[in-house]
Visitor: 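Before I ask anything, here is the structure I am working with.
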Protein chains: 2
Amino acid sequence: ELADLTARQFSRGELSGKSVVITAGPTREAIDPVRYISNHSSGKMGYALAQAAIEAGANVTLISGPTNLAPPQRCHFVSINSAQEMYDAAMSSLSDCDLFIASAAVADYRPASAAEQKIKKTGQDTMSIELVKNPDIVTAVAASRPRPMTVGFAAETQDVISYARDKLTRKKLDVVIANDVSQTGIGFNSDDNAVTVVWADREEALAQRSKAQLGRELIQRLADQLNNS
Amino acid sequence: ELADLTARQFSRGELSGKSVVITAGPTREAIDPVRYISNHSSGKMGYALAQAAIEAGANVTLISGPTNLAPPQRCHFVSINSAQEMYDAAMSSLSDCDLFIASAAVADYRPASAAEQKIKKTGQDTMSIELVKNPDIVTAVAASRPRPMTVGFAAETQDVISYARDKLTRKKLDVVIANDVSQTGIGFNSDDNAVTVVWADREEALAQRSKAQLGRELIQRLADQLNNS
């Protein structure tokens with residue numbers, strides 16, 4: 001019955017005529033041609049959001065770091081590796097963008113200089129990698145004019161909700177979707193997730209369910225908000 | 001005809017009764033619960049070697065970092081993440097090991113301390129990661145007593161053969177298989193590879209071919225050497 005209701009709502013195409021840009025997956029920051037810094041994001045949550053937005057009738061651009069997932073059909077798929085490449089692709093996608101969902105796990109820092117040749121092991125027992133800050137994609141999107149409705153993610157291992165609320169305010173976002181990646185069975189690499197959706201004036205907890213289902217429920221809420229704003 | 005010949009040779013089981021340990025794939029070195037340092041190894045070459053060794057009748061242990069590949073059937077499969085875990089698994093596998101093939105792309109260094117909680121972005125524009133040396137697996141294997149025939153890999157972007165020969169001598173290996181990972185279409189993540197097999201007294205170049213085919217040809221050479229030693 002719920003599936004039926006959902007199907008009927010999607011058949012109305014709540015995002016019909018809207019342009020939605022979604023970032024997904026990890027980024028890879030090159031240390032040298034062989035080595036990189038990355039993270040455990042599988043991209044599943046972002047791809048589920050893209051699929052749900054497509055089903056809701058949106059014109060979807062999915063900007064994805066390296067994942068093992070097949071790109072959804074009927075979307076504009078942009079494959080990138082580094083945070084800087086994701087930033088460039090995101091900035092290029094903003095004309096006519098109505099809703100931007102930053103679900104990618106973007107590296108905050110990258111090696112200050114990526115070596116052109118593989119770095120040889122030296123006799124040293126220790127070494128260090130100098131890092132510089134990457135551009136903050138979701139902050140740049142939220143500061144752009146005209147500005148799409150901008151949704152961030154907060155994947156944390158502690159103080160999840162308070163950090164999400166801080167991120168909402170600090171980055172001037174419309175919504176932050178918070179999840180606790182320290183819990184096993186949900187979050188990074190799982191097929192399930194549990195999140196709390198944080199707005200300036202309220203929050204809503206969505207208990208553990210499949211990322212596909214969660215993607216549809218999140219897109220429904222974001223579409224409602226977009227259509228009523 | 002060549003395939004026929006190969007099939008007949010394998011049906012004789014050149015590695016029948018032999019124990020072969022193969023490491024494959026990348027390692028992941030945790031920076032914190034979310035971030036890690038890794039490399040572009042797909043594991044395809046190591047899995048192809050494992051498959052060929054199984055077909056040659058060997059008792060195969062495959063110690064693998066995170067890959068997208070299905071473990072071969074009829075092998076003892078050990079899944080690990082970090083270089084330290086791979087080292088521990090390799091050392092535990094050495095009793096009765098006749099042939100050890102170190103095809104994994106093991107991180108030379110790991111973060112000096114992996115943070116227990118996700119490291120928060122600070123206001124700083126730069127930061128650095130302190131690294132300490134990982135144990136050298138193939139050197140430890142070659143120094144063990146009794147000692148298996150020990151085969152290393154050298155994946156380089158320049159001076160490939162001279163580095164491979166240096167590695168052979170320095171780590172006291174029986175064979176080093178060298179490949180140039182700067183060439184596109186072969187090496188990391190490709191289905192094809194081209195290598196040069198380096199012994200103390202000679203070398204043999206095997207031009208580009210599928211990793212499956214190359215795995216069979218390499219196993220045949222290593223089996224011949226093992227059986228004639």
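Note that this is a predicted model, so its numbers are computed, not measured. In what follows, chains carry the letters A, B, and so on, assigned in the order in which the sequence lines appear, proteins first and then strands, with residues in each chain numbered from 1.
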Visitor: Based on non-hydrogen pairs under 4.5 Å, which of B/Val34, B/Val132, B/Asn68 is most in contact with chain A?
Guide: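 Looking at each option in turn, the highest pair count goes to B/Val34.
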Visitor: Considering non-hydrogen atoms only, spot the tightest contact between A/Gln124 and B/Tyr109 and give its length.
Guide: O-OH, 2.9 Å
Visitor: Rounded to the nearest 0.5 Å, what's the gap from CD1 on A/Ile37 to OH on B/Tyr36? Could you check?
Guide: 11.5 Å
Visitor: Take A/Asp32 and B/Thr157, measure what side chain to side chain contact (heavy atoms under 4.5 Å, CB included) needs, and give me the verdict at the end.
Guide: CA-CA 10 Å; A/Asp32 66 21; B/Thr157 56; over 6 Å; no
Visitor: A/Leu131 and side-chain contact (heavy atoms from CB on, under 4.5 Å): which partner among B/Ile129, B/Asp125, B/Thr126?
Guide: B/Ile129
Visitor: Measuring from atom OG of A/Ser38 to atom CG of B/Asn39, what distance do you get when rounded to the nearest 0.5 angstrom?
Guide: 11.5 Å
Visitor: State, to 0.1 Å, how close A/Pro33 and B/His40 come at their nearest heavy-atom pair, and which atoms those are.
Guide: O-CD2, 3.4 Å
